[in-house]
Amino acid sequence: MKTLGEILLKQTPYSEIVMGNTALVRAMIESHTRVITSYPGSPTPEIAAAIKAIPKEKRPFYFEFSVNEKVATEVAYGAAVNGHLSTVFFKSVGLNVAADTFVQLSLMNIIGGMVIVLGDDPGVNSSQNEQDNRHYACLSYTPVFEPASPTEVYTFYKAAAKLSTDKGMPVILRLTTHICHAKEKIDFQGWHARELDKTPRFDTNNGPYVPIAAEVFPLKRRALQRLETVEKYADQSPLNQIFDRGNKDRGIITMGLPFLSVMDVLEHTDNKPDILKLGIVYPLPVKMVEDFLKAHIEVKIVEELDNIIEKDIKKLAYDRQLSTKIFGKMDLEDWIGEYTPDKVFEILKKTWPDLLTAMDAPKDTVSSAPVRPPQMCPGCGHRSAFHAIKKALNDTDITVADIGCHTLGFLPPYQMGDLMMCMGASTAMGSGLSLFNDTRKVVVFLGDSTFFHAGLPGIINALFNNHNVTLILMENGTTAMTGHQDHAASGQNFNEPTDKIPLRRVLEGLGVRHIYEVDTYQQAKLTEMVKDAVDINEFSAVIARHPCMLKFTREQRRKLEYQPKRVDIDQQKCRRLYECIRDFGCPTFTQMEDGRIEINPDLCIGDGSCVQTCPSDAISTPKIV
Ligand SMILES: Cc1ncc(C[n+]2csc(CCOP(=O)(O)OP(=O)(O)O)c2C)c(N)n1
């Protein structure tokens, strides 16, 4: 049996069932991509997991997790103007962080080529919003390729990399959650390793690379001209496809996941509409769209999230004075959520009530699945922290959450986190909340990965402008929420061990005068520290530390060092006060029908953080089972 790493490096053609995210890695290898960067975020982390499956010394490229998406984009750009085909990937909202750099890319002559892989998240499976990143493409004159299947992830990346290299311009490969995670049998082509050319090729003659003032107009002109050439390229490209059913009345224009849903819904329908499936969604293949409109009396645009293509197509029809009746989004609901088959069924029914019958309605396979509320894992240090911190605060105090596993502290029973925005925003929002506020303490939470990602400017601002905020740094040694990627305080980067950048020393270096530090399992101590910290009328910080227990136990299992442990309930001592479920809230505790509390043996990891929470001393110290 070959390992995934061996499969990805295979030189001869082969077929394999893989995820879209894995297919992307093979496409990057075949395209001779040399530098790949990222910051973790769903739905993209499995791209890095596939990269990790290739031993470092065998990787035909360099990969790093950078400290945030902006930095990742800059590293990839630097490599690309030095002649190396590069790629940066991150999640939807990552583009907001990268934007200041990203929007300049199209002005530049990116001699090596650069593909920006976006993991958009229609349906908000794991994001704080449902933003449609195609808006950024229009804003920055950057072409967008949008695959509809893992096979297309593979072929579209290769086409995007070629276009980018040929034209020296950035190209976006826009993936969405289910395209990243779907699996499919893909026929991969062969690949031959090339010697890595280490000659630095950066040359200012390929520039200018300094876009200021008067330099910008010619660069903008060139970006627009390039986009025009891509429009012509799109008209010829096999990535845009027509499914001709000989229907002169009705046509559908669609792309990506919605295309698959359309095909599903129409499977048994008579009189199927023709379909124009766009693979290049920006810029539009104008001639192809015009011909498609002319060939049909009515055309429906089935487009997930915003009505970007609808507007372009309606403008085109207006400019060319076409009489085709064009249906775009029809009500508010059409703007929201993933275009799964059931949704597309409703949308097509609204448009053409006679097209579909109840027989065509997709079977509901989702609503029968039990709902699982999000919660912290058994043994999570954040739970212990919130349990202790809650005791230090008044009900009127304001707590500001940030993004990470600790965000879940906003849920009952802790309810720590009255507001939340995006990565790194907690300290500065807390600063604002502290203004004209002498009575309600402001406590903000920040994870350690987020500290480096976008947390530091808010902290520096709070110090610089003397804001009265207590920062609680939830240090668990990893980027837990997205799958345990290392960060600058982990002592390890993606490729090798590295010096830790300790949070305490950074805070000291910034001049934080009041720093407390404690393991979150020491709940009484943490409560006292937080009380002290909020009583100081200036910026204070508490480092609330405990390793991520999910990562810890997984590593122990891998090293065959894991010894299953468990706590027990002494039913004689238990006074049924239920603090364990009501206030501490570890999912391990189960209340039985007769009122007893029992331990779920499948969940308990025997960390013992609960022992101190029982006023009846009924929870035993953990024992090996
Ligand atoms: C701009 C942006 N990039 C990436 C993400 C995905 N993401 C969600 S939480 C998180 C980091 C969490 O790590 P940390 O701050 O250490 O908190 P932990 O989950 O370990 O508690 C990331 C990268 C995001 N939401 N926004």
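In listed order, ligands and their atoms are each counted from 1.
- By the 30° and 60° cut-offs, the orientation of the rings of His487 relative to Phe452 is tilted.
- Listed by number with element, the atoms of ligand 1 under 4.0 Å from a non-hydrogen atom of Gln128 are 25 (N).
- The Thr482 neighbourhood of ligand 1 comprises atoms 6 (C), 7 (N), 22 (C), 23 (C), with distances under 4.0 Å to a heavy atom of that residue.
- Ligand 1 has a nitrogen or oxygen under 3.5 angstrom from a nitrogen or oxygen of Ser449.
- Of the polar atoms of Thr478, at least one N or O is found under 3.5 Å from an N or O of ligand 1, judged by distance alone.
- Near Val97, meaning under 4.0 Å from any of its heavy atoms, are these atoms of ligand 1: 1 (C).
- In terms of N/O distances under 3.5 Å, ligand 1 is approached by Asp448.
- Interface atoms of ligand 1 facing Gly41, defined by a heavy-atom separation under 4.0 Å, are 6 (C).
- Distances from atom 18 (P) of ligand 1 to the heavy atoms of Ser127, Gly483, Cys405 show the closest one on Cys405.
- Of the candidates Met481, Met474, Met423, His382, it is His382 that places a heavy atom closest to atom 21 (O) of ligand 1.
- Below 4.0 Å from some heavy atom of Gly404 lie the following atoms of ligand 1, by number and element: 9 (S), 12 (C), 17 (O), 19 (O).
- Residue contacts with ligand 1: Glu69 is included, with a non-hydrogen atom under 4.0 Å away.
- In the candidate list Thr407, Asn96, Ile403, Ile403 is nearest to atom 9 (S) of ligand 1, counting heavy atoms.
- At least one side-chain heavy atom of Leu105 sits less than 4.5 Å from a side-chain heavy atom of Thr73.
- For atom 11 (C) of ligand 1, the nearest non-hydrogen atom of the protein is Thr479 CG2, 3.5 Å.
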